[in-house]
Amino acid sequence: QVQLVESGGGLVQAGGSLRLSCAASGRTFSTYVMGWFRQAPGKEREFVAHILRSGIMTRYADSVKGRFTISRDNAKNTVDLQMNSLKPEDTAVYYCAATSRLTLVSSPSDYDYWGQGIQVTVSS
């Protein structure tokens with residue numbers, strides 16, 4: 001069982017930056033692939049980024065590639081999402097998620113545990 005709590009969201013102007021952090025409970029954090037997803041009003045939850053257990057490999061949605069960076073610290077049980085050059089279309093509730101699958105999967109249905117979500121609003 002893993003409990004996830006996101007922090008760091010808020011309101012920012014277009015072109016600005018935010019750093020989201022997700023703190024995980026439990027001693028098995030390093031065994032999970034971690035991901036970030038987002039959901040805008042009226043839209044389905046979509047994949048943003050994920051990172052392998054070791055942190056060696058990451059993958060991003062095309063819409064955020066080059067602007068967002070995912071990282072993890074297995075000693076601190078945290079996974080972060082650095083978001084730069086933010087756009088109004090990045091406005092959404094952002095979710096941290098964990099999966100016990102061994103590969104980088106990008107469907108929300110592949111993830112076992114979810115945080116409560118945190119609002120990110122980018123004004124134009």
Side-chain angles (χ1 to χ4, degrees):
Q1 188 84 11
V2 177
Q3 292 186 325
L4 305 171
V5 179
E6 301 97 338
S7 61
L11 173 65
V12 64
Q13 288 188 331
S17 299
L18 278 176
R19 189 177 183 89
L20 303 182
S21 187
C22 174
S25 65
R27 293 175 292 178
T28 59
F29 174 76
S30 62
T31 67
Y32 292 95
V33 167
M34 299 299 299
W36 284 96
F37 291 78
R38 66 187 182 186
Q39 189 166 16
K43 294 187 177 181
E44 293 187 350
R45 192 168 299 186
E46 66 174 6
F47 164 74
V48 174
H50 48 200
I51 186 167
L52 275 181
R53 295 176 296 173
S54 64
I56 288 178
M57 187 176 293
T58 60
R59 196 166 65 186
Y60 299 89
D62 288 343
S63 59
V64 307
K65 201 172 295 182
R67 301 188 297 122
F68 290 12
T69 303
I70 188 172
S71 60
R72 68 188 296 164
D73 186 333
N74 287 339
K76 296 182 179 179
N77 282 12
T78 58
V79 57
D80 292 348
L81 185 68
Q82 177 66 43
M83 305 185 294
N84 298 329
S85 302
L86 282 162
K87 305 175 181 180
E89 51 263 43
D90 294 318
T91 295
V93 175
Y94 283 71
Y95 296 90
C96 172
T99 178
S100 55
R101 295 178 185 264
L102 301 179
T103 58
L104 291 177
V105 289
S106 57
S107 171
S109 62
D110 289 324
Y111 283 75
D112 306 304
Y113 303 102
W114 292 85
Q116 81 285 356
I118 193 162
Q119 179 69 45
V120 171
T121 303
V122 184
S123 62
S124 57

Revision key, fill the gap. In short, L81 meets A49 closest at the heavy-atom pair CD1-CB, 4.3 Å
Revision key, fill the gap. Residues 12-26 vs side chain to side chain donor-acceptor pair (under 3.5 Å), sequence neighbours excluded, gives S17-N84, R19-D80, R19-Q82, S21-D80
Check your understanding: Within the distance-only criterion (no hydrogens, no angle test), does the side chain of T121 pair as donor or acceptor with the backbone N or O of T91 below 3.5 angstrom?
Key -> no
Check your understanding: Is the backbone of L104 close enough, under 3.5 Å, to the side chain of R59 for a donor and an acceptor to pair up by distance?
Key -> yes
Check your understanding: For E6 and Q116, which heavy atoms make the closest approach, and how far apart are they?
Key -> OE1-OE1, 2.9 Å
Review point. According to a 4.5 Å side-chain heavy-atom criterion applied to Ile, Leu, Val, Met, Phe, Trp and Tyr, with indirect links allowed, do V93 and L4 form part of one hydrophobic cluster?
Key: no
Practice item. Taking all heavy atoms of V105 and all of T99, pick out the closest pair and write down the distance. Key: CG2-CG2, 4.1 Å
Revision key, fill the gap. Heavy atoms of T31 and T28 approach each other most closely as OG1-O, 2.6 Å
Review point. Just checking, R72 and F29: is the charged tip under 6.0 Å from the six-membered ring centre and within 45° of the axis?
Key: yes
Review point. Hey, any chance V33 and L20 share a hydrophobic cluster, counting ILVMFWY side chains that come within less than 4.5 Å of each other, even indirectly?
Key: no
**Study point:** Pairs involving residues 88-124, ordered by first then second residue, that meet ring-ring contact (aromatic ring centres under 6.0 Å, His included) (sequence neighbours left out)
**Key:** Y32-Y113, F37-Y111, F37-W114
Check your understanding: Hey, mind stepping through K65 and D62 against salt bridge (Lys or Arg N to Asp or Glu O under 4.0 Å) and telling me if it holds?
Key -> CA-CA 5 Å; K65 201 172 295 182; D62 288 343; 3.0 Å; yes
**Study point:** CD on E89 to OG on S124, rounded to 0.5 Å
**Key:** 10.0 Å
Study note, to complete from the structure: Heavy-atom nearest pair, A24 first then V2, reads CB-CG1, 4.1 Å
Point to revise | Hydrophobic cluster membership, F47 vs Y60, 4.5 Å side-chain cutoff | key: no
Point to revise | N74 (side chain) donor-acceptor with R53 (main chain) under 3.5 angstrom | key: yes
**Study point:** Separation of C22 SG from N77 CG (nearest 0.5 Å)
**Key:** 10.0 Å
Exercise for review: Using distance alone, with no hydrogens and no angle criterion, decide if D112 and S100 have a side-chain donor and acceptor under 3.5 Å apart.
Suggested key: yes
Practice item. Supply the atom-to-atom distance T78 OG1 to D73 CG, rounded to the nearest 0.5 angstrom. Key: 4.5 Å
Review point. Rounded to the nearest 0.5 Å, how far does CZ of R38 lie from CG of D90?
Key: 5.0 Å
Study note, to complete from the structure: Heavy-atom nearest pair, L18 first then L86, reads N-CD1, 3.8 Å
Practice item. Can you measure from SG (C96) to CE (M34) and round to the nearest 0.5 angstrom? Key: 3.5 Å
Check your understanding: If you group Ile, Leu, Val, Met, Phe, Trp and Tyr by side-chain heavy-atom gaps below 4.5 Å, do I70 and V64 land in one group?
Key -> yes
